[in-house]
Protein chains: 2
Amino acid sequence: MALPPKTARKAVDAKDMAGGDAAGEPATLGEAAYQRLRADIVAGVLEAGKPLRLEALRQRYGLSFSPLREALMRLQSERLVLSTALRGFSVAPLSREEIRDATETRILIECEALRRSMRVGDDDWEAGIVAAFHALGRQVERMARNSGTADPADVAALEERHRQFHHALIAHCGSPRLLDMADQLYIETQRYRLPSLVGQVAGTPPRDVTAEHQQIMDAALRRSDDAAGHLAEHYRRTAAAIEAAMAGSPPA
Amino acid sequence: MALPPKTARKAVDAKDMAGGDAAGEPATLGEAAYQRLRADIVAGVLEAGKPLRLEALRQRYGLSFSPLREALMRLQSERLVLSTALRGFSVAPLSREEIRDATETRILIECEALRRSMRVGDDDWEAGIVAAFHALGRQVERMARNSGTADPADVAALEERHRQFHHALIAHCGSPRLLDMADQLYIETQRYRLPSLVGQVAGTPPRDVTAEHQQIMDAALRRSDDAAGHLAEHYRRTAAAIEAAMAGSPPA
DNA sequence: CAACCAAGAATTTTCGAAAGAATGGCACTC
DNA sequence: GAGTGCCATTCTTTCGAAAATTCTTGGTTG
């Protein structure tokens, strides 16, 4: 399955695609700052709880205050950054309560969105899910072959495929708000998920994530009422694994 | 309108109220810009769909670009403002699809939050609801006496009491995310609600909003499963009234 | 007459400096 | 010796101008 066919654009000028694109080249420095800051927070490069000094960020990213502030403001409303009135910003801390709240909220939002998608989803919806599942599976295979590999590119690809799969499930829910909230909660939980992705957590019941995905997908395609339940179960297991990992090595 | 005199900004001395307060004195100009812009958008002073030129805003509010951009960025993630990469900002348009999505999303969030509050709510929770209901009722009475009054102060007070009542219902849900989302959706729907608050909409079935509130409150205090249903019904009726009003006088 | 291009105008975005507040340390009082 | 007020330092916040980009207009061509 190929991504939507890239309509042959005038290759001459890449700058005519002016819209604030999500993944492509950031059109403004503010957008770039937002993307880089977000990535660094999610990856843990900027440690949870630590203050974000503007001067330090200015040097780190080679930007001026304005775009940085803009980005931080945005990240604040996405719960990745905290700020106090005249005391600046800091990386939002990680905690057990937060992962629980984020998980349960995500379940509420995505289960509803899944039910709605199942109600109205057409062939394209189904095809999108199957395609995403397949691509995710291939990436898992690839990484399983060179097992032990922690190639960051592979991890990033895995995350992206994973995101696309879960997005495909709810893509046809018809509510821009639910989709936005799901996207946002995905990012938030990614912060917690990433660390546990790299190192396998000991002491947790062995888990076949692919099987869980398959179960969700099958139920969804069958339009079975079980689909939402499986999805919730999937997220709760992930949360449990993360909590176990956090108990094992509480971050400094 | 005179240029803003360079009044020395007052330092908020009470260090216990250090956080970026919601209602009180805005600690920074950015916060002030956010509050004023938001109020003007919700009130319709800044018309839906119209572009927000920075130079115009600069003059209108007597501020510089930085705090304005900051505020606009924030409003963008709250769906009150749209922005395109190098083409600036505009007030988010009003539409039937939006009011529907906002209403249904609000029902999803608040019903869940209400159920959770009912599960764990204690005497304080109950007292908060009763108090808010009472205060709301008094305000309604007062305005009914001087009927026909469109005193903006009264309308503002009514809105605030109304907000507090609905907030009290879900206050003990235990999820910061649900509360935030509810707050945000309240603001979004307020944009639609306010116009229909001033002029009574003709052609809609007569409505006793106070009775609806009472019904919700009673069911909630009884911990009845009906509470969420009543709440949903309440919101759907409001949405229907708004849609009727929009059909009657589609905004220019 | 429609499409196209270029120059000018309007607007957004970015910068670096200056002003405003918080933090921490130090002397001073009680 | 503890509390208190003041000062220097550090940091955030704000400004206004400069740079970058889009939009508009008028003229030109096919």
Side-chain angles (χ1 to χ4, degrees), chain A residues 10 12-21 24-37 46 49-77 81-91, chain B residues 2-21 24-37 46 49-76 81-91:
Chain A
K10 300 188 176 177
V12 196
D13 270 340
K15 68 177 171 184
D16 63 338
M17 68 167 294
D21 43 319
E25 301 283 301
T28 79
L29 293 185
E31 178 70 22
Y34 166 75
Q35 288 178 17
R36 296 183 63 185
L37 271 167
L46 296 171
K50 292 229 172 148
L52 292 165
R53 297 275 157 57
L54 283 172
E55 178 55 30
L57 297 178
R58 199 179 68 72
Q59 282 193 241
R60 184 180 225 278
Y61 298 106
L63 295 170
S64 185
F65 298 113
S66 323
L68 282 173
R69 236 159 179 301
E70 235 174 70
L72 289 167
M73 224 66 196
R74 237 169 116 184
L75 291 166
Q76 184 194 8
S77 50
V81 155
L82 302 180
S83 93
T84 319
L86 289 156
R87 258 165 259 180
F89 302 86
S90 63
V91 182
Chain B
L3 287 177
K6 294 218 151 193
T7 55
R9 215 171 310 136
K10 111 173 78 168
V12 187
D13 204 356
K15 65 177 165 190
D16 54 337
M17 69 165 290
D21 45 315
E25 304 280 301
T28 79
L29 293 185
E31 178 70 21
Y34 166 75
Q35 288 179 15
R36 296 184 62 185
L37 271 167
L46 296 171
K50 293 230 171 147
L52 292 165
R53 298 273 161 56
L54 283 171
E55 178 55 30
L57 297 178
R58 200 180 67 73
Q59 282 192 241
R60 183 180 226 278
Y61 298 107
L63 295 170
S64 184
F65 299 113
S66 324
L68 282 174
R69 271 177 81 69
E70 233 173 71
L72 289 167
M73 225 66 197
R74 234 169 117 184
L75 291 165
Q76 184 193 8
V81 155
L82 302 180
S83 92
T84 320
L86 288 155
R87 257 163 258 182
F89 302 86
S90 63
V91 182

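Chain naming here is simple, since letters A, B, ... match the order of the sequence lines and numbering starts at 1 in each.
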Name the stems that DNA chain C belongs to, where each is three or more consecutive Watson-Crick or G-U pairs with both distances under 3.5 Å?
C:1-30 with D:1-30
Separation of C/dG16 C1' from A/Leu68 CG (nearest whole Å)
13 Å
Whole-Å distance separating the CE atom of A/Met73 from the P atom of D/dT12
14 Å
Rounded to the nearest Å, what distance is computed from the CG atom of residue A/Leu29 to the C1' atom of nucleotide D/dT21?
13 Å
Filtered N/O pairs between nucleotides 5-12 of chain C and protein, under 3.5 Å:
| from | atom 1 | to | atom 2 | distance (Å) |
| --- | --- | --- | --- | --- |
| C/dT12 | OP2 | B/Leu54 | N | 3.1 |

If you compare all heavy atoms of B/Leu46 against all heavy atoms of B/Leu37, which two are closest, and at what distance to 0.1 Å?
CD1-CD2, 3.7 Å
How close do B/Ala33 and B/Pro67 get, counting heavy atoms only, and between which atoms?
CB-O, 4.0 Å
Work out which heavy atom in A/Gly30 is nearest to a heavy atom in A/Ala71; give both atom names and the distance.
O-CB, 4.1 Å
Check the pair A/Leu54, A/Leu72 against side chain to side chain contact (heavy atoms under 4.5 Å, CB included), reporting the backbone distance first and the verdict last.
CA-CA 10 Å; A/Leu54 283 172; A/Leu72 289 167; 3.8 Å; yes
Which part of the nucleic acid does B/Ser66 contact within heavy-atom distance under 4.0 Å: base, sugar-phosphate only, or nothing?
base
Can you name the closest pair of heavy atoms from B/Ser64 and B/Arg58 and give their distance?
CA-CG, 4.2 Å
Spacing between A/Leu72 atom CG and D/dC11 atom P, to the nearest angstrom
16 Å
Send over the distance from A/Arg58 CZ to D/dC11 C1', rounded to a whole Å.
13 Å
Just the rounded figure in Å: distance from P of C/dT14 to OH of A/Tyr34.
16 Å
Quick check: closest heavy atoms across A/Ser90 and A/Pro51, and the distance to 0.1 Å?
CB-CA, 3.7 Å
Trace of the side chain to side chain contact (heavy atoms under 4.5 Å, CB included) decision for B/Met73 with B/Tyr34
CA-CA 9 Å; B/Met73 225 66 197; B/Tyr34 166 75; over 6 Å; no
Note: A/Ala85 and B/Ala27 closest approach over all heavy atoms is CB-CB, 3.6 Å
What is the distance, to the nearest angstrom, from the CG atom on A/Leu63 to the P atom on C/dT14?
9 Å
Walk me through it: do B/Glu31 and B/Arg74 pass the test side chain to side chain contact (heavy atoms under 4.5 Å, CB included)?
CA-CA 10 Å; B/Glu31 178 70 21; B/Arg74 234 169 117 184; 3.0 Å; yes
Could you state the CG-P distance from A/Leu57 to D/dT13, rounded to the nearest angstrom?
12 Å
